[in-house]
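Structure first, commentary second.
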Amino acid sequence: MKLLHHDCERGIYALVVEIESPSLIRLKGKDVSISPGIYVYVGSAKGPGGVRARVSRHVRKAKKVKWHIDLVTTLPQARVLGAFCAETDEPECVLVPPLESLGFEHVVKGFGSSDCTRGCTSHFLRWTKSGGVDGVLLEAFRLAGLRGKVLELKPV
């Protein structure tokens with residue numbers, strides 16, 4: 001996948017990832033099993049390059065593992081399906097309660113939230129209901145008081 005177009009310079013984003021088969025990642029010295037399904041990782045990109053640079057990095061398979069989400073996006077059985085963003089100074093944590101209320105569930109305690117100051121269980125959640133997540137994610141942004149935008153990704 002390649003990021004084609006975006007309307008967010010700096011802010012927060014939600015990355016939609018599909019895990020196609022049972023997977024195992026090593027997190028904090030422990031093996032963690034991840035079931036097949038649709039997942040959302042919420043992050044922030046407020047430094048140089050902003051959202052464009054961060055999401056472009058996430059969609060690449062070949063990269064040095066730097067963040068927890070890299071453990072997932074580098075898996076052969078994982079693929080990024082899409083991404084959403086909002087320009088804001090708020091931390092990505094503002095999306096977690098709306099995602100929980102809309103049916104997303106935490107999978108791995110502490111995943112992606114090791115620097116969280118708001119006490120989030122994680123920043124990596126699994127979609128537990130049937131149907132697509134696009135409208136649900138836009139609703140989560142709305143519930144967080146943000147104007148969510150779809151990032152245009154293209155397969156490469």
Side-chain angles (χ1 to χ4, degrees), residues 1-20 23 25 27-28 32-47 49-60 66-75 77-154:
M1 298 292 271
K2 178 181 175 185
L3 180 60
L4 286 180
H5 179 269
H6 73 97
D7 288 326
C8 301
E9 292 301 319
R10 292 188 171 101
I12 62 176
Y13 61 90
L15 193 71
V16 182
V17 180
E18 179 181 28
I19 307 291
E20 296 173 336
S23 304
I25 60 170
L27 184 66
K28 298 179 185 177
V32 177
S33 178
I34 301 191
S35 301
I38 304 295
Y39 294 81
V40 170
Y41 170 76
V42 294
S44 63
K46 297 177 181 168
V51 171
R52 179 184 185 90
R54 187 63 53 86
V55 172
S56 293
R57 182 186 190 287
H58 287 325
V59 299
R60 288 194 321 262
K66 182 176 180 178
W67 292 292
H68 288 159
I69 190 59
D70 296 339
L71 297 168
V72 172
T73 58
T74 56
L75 290 169
Q77 59 272 36
R79 65 187 179 112
V80 174
L81 298 178
F84 298 77
C85 69
E87 288 187 288
T88 182
D89 289 328
E90 291 289 332
E92 62 270 27
C93 303
V94 301
L95 279 178
V96 174
L99 290 171
E100 293 167 336
S101 74
L102 293 169
F104 286 86
E105 293 180 356
H106 297 277
V107 185
V108 182
K109 186 176 181 181
F111 189 103
S113 62
S114 56
D115 62 349
C116 179
T117 60
R118 295 195 179 187
C120 295
T121 301
S122 78
H123 291 168
F124 184 61
L125 300 97
R126 183 167 191 236
W127 178 236
T128 59
K129 299 183 178 183
S130 60
V133 298
D134 291 5
V136 179
L137 284 171
L138 290 172
E139 176 65 5
F141 277 92
R142 189 191 70 73
L143 290 171
L146 302 169
R147 185 172 167 255
K149 303 171 187 178
V150 177
L151 294 173
E152 189 178 348
L153 302 176
K154 177 184 175 186

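These numbers were taken from a predicted model, which means no experiment stands behind them.
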Show your reasoning for whether side-chain contact (heavy atoms from CB on, under 4.5 Å) applies to Glu9 and Val51.
CA-CA 6 Å; Glu9 292 301 319; Val51 171; over 6 Å; no

Going through the distances and angles, do Glu100 and Leu125 end up as a side-chain contact (heavy atoms from CB on, under 4.5 Å)?
CA-CA 8 Å; Glu100 293 167 336; Leu125 300 97; 4.2 Å; yes

Give the C-alpha distance, both sets of side-chain angles, the deciding distance and a yes or no for side-chain contact (heavy atoms from CB on, under 4.5 Å) between Arg57 and Val55.
CA-CA 5 Å; Arg57 182 186 190 287; Val55 172; over 6 Å; no

Evaluate side-chain contact (heavy atoms from CB on, under 4.5 Å) for Val107 paired with Val32, printing each intermediate quantity in order.
CA-CA 10 Å; Val107 185; Val32 177; 6.0 Å; no

Quick one: do Lys46 and Glu92 satisfy salt bridge (Lys or Arg N to Asp or Glu O under 4.0 Å)? Show the steps, please.
CA-CA 11 Å; Lys46 297 177 181 168; Glu92 62 270 27; 5.6 Å; no

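Side chain to side chain, His106 and Ser122 meet the donor-acceptor criterion of an N or O pair below 3.5 Å. No side-chain donor-acceptor contact under 3.5 Å links Tyr41 and His68.
For the pair Trp67/His123, no side-chain contact is recorded, criterion being any heavy-atom separation below 4.5 Å from C-beta on. Inter-residue side-chain proximity for Leu71 and Ile69 is flagged as unmet; no heavy-atom pair is nearer than 4.5 Å. At a threshold of 4.5 Å between non-hydrogen side-chain atoms, the residues Cys93 and Cys120 count as touching. A heavy-atom distance below 4.5 Å is not found between the side chains of Val80 and Val16. Two residues are said to be in side-chain contact when any heavy atoms from C-beta on lie closer than 4.5 Å; Leu143 and Ser101 meet this criterion. Counting only heavy atoms from C-beta outward, the side chains of Val42 and Leu15 never approach each other to under 4.5 Å.
How far SG of Cys85 is from CG of Leu137: 12.0 Å, rounded to the nearest 0.5 Å. One finds the CD1 atom of Ile38 at 4.0 Å from the CD atom of Glu18 (value rounded to the nearest 0.5 Å). If you take CZ on Arg79 and CG on Leu81, they are separated by 5.0 Å, rounding to the nearest 0.5 Å. The distance from atom CG of Leu75 to atom CD of Glu20, rounded to the nearest 0.5 Å, is 11.0 Å. Atom-to-atom distance recorded for Leu95:CG and Ile12:CD1 is 4.0 Å, nearest 0.5 angstrom. Summarising the geometry, atom CG belonging to Asp70 is positioned 6.5 Å from atom NE2 belonging to His58; distances are rounded to the nearest 0.5 Å.
Between Arg10 and Glu87 there is no salt bridge, since no side-chain nitrogen of the basic residue lies less than 4.0 Å from a carboxylate oxygen of the acidic one. Comment: Glu105 does not engage Arg126 in a salt bridge, judged by the lack of any side-chain N to carboxylate O separation of less than 4.0 angstrom.
With sequence neighbours excluded, the residues that form a ring-ring contact (aromatic ring centres under 6.0 Å, His included) with Tyr39 are Phe124.
Judged by distance alone, with hydrogens and angles left aside, the side-chain atoms of Trp127 form a donor-acceptor pair with the main-chain N or O of Lys129 at under 3.5 Å. Side chain of Ser56 to backbone of Ala53: no donor-acceptor contact under 3.5 angstrom is found.
Among all heavy-atom pairs drawn from Gly103 and Thr128, the shortest one is O-OG1, 2.5 Å. Here the closest non-hydrogen pair linking Val94 and Arg118 is CG1-NH1, 3.3 Å. Closest approach of Ala140 and Pro98 over heavy atoms only: O-CB, 3.5 Å.
Within the structure, no pair that satisfies the ring pair (Phe, Tyr, Trp, His ring centres under 6.0 Å) test touches residues 130-150, not counting sequence neighbours.
The number of heavy-atom neighbours closer than 6.0 Å to CZ of Arg147, taken from other residues, nucleotides and ligands shown, is 12 or below.
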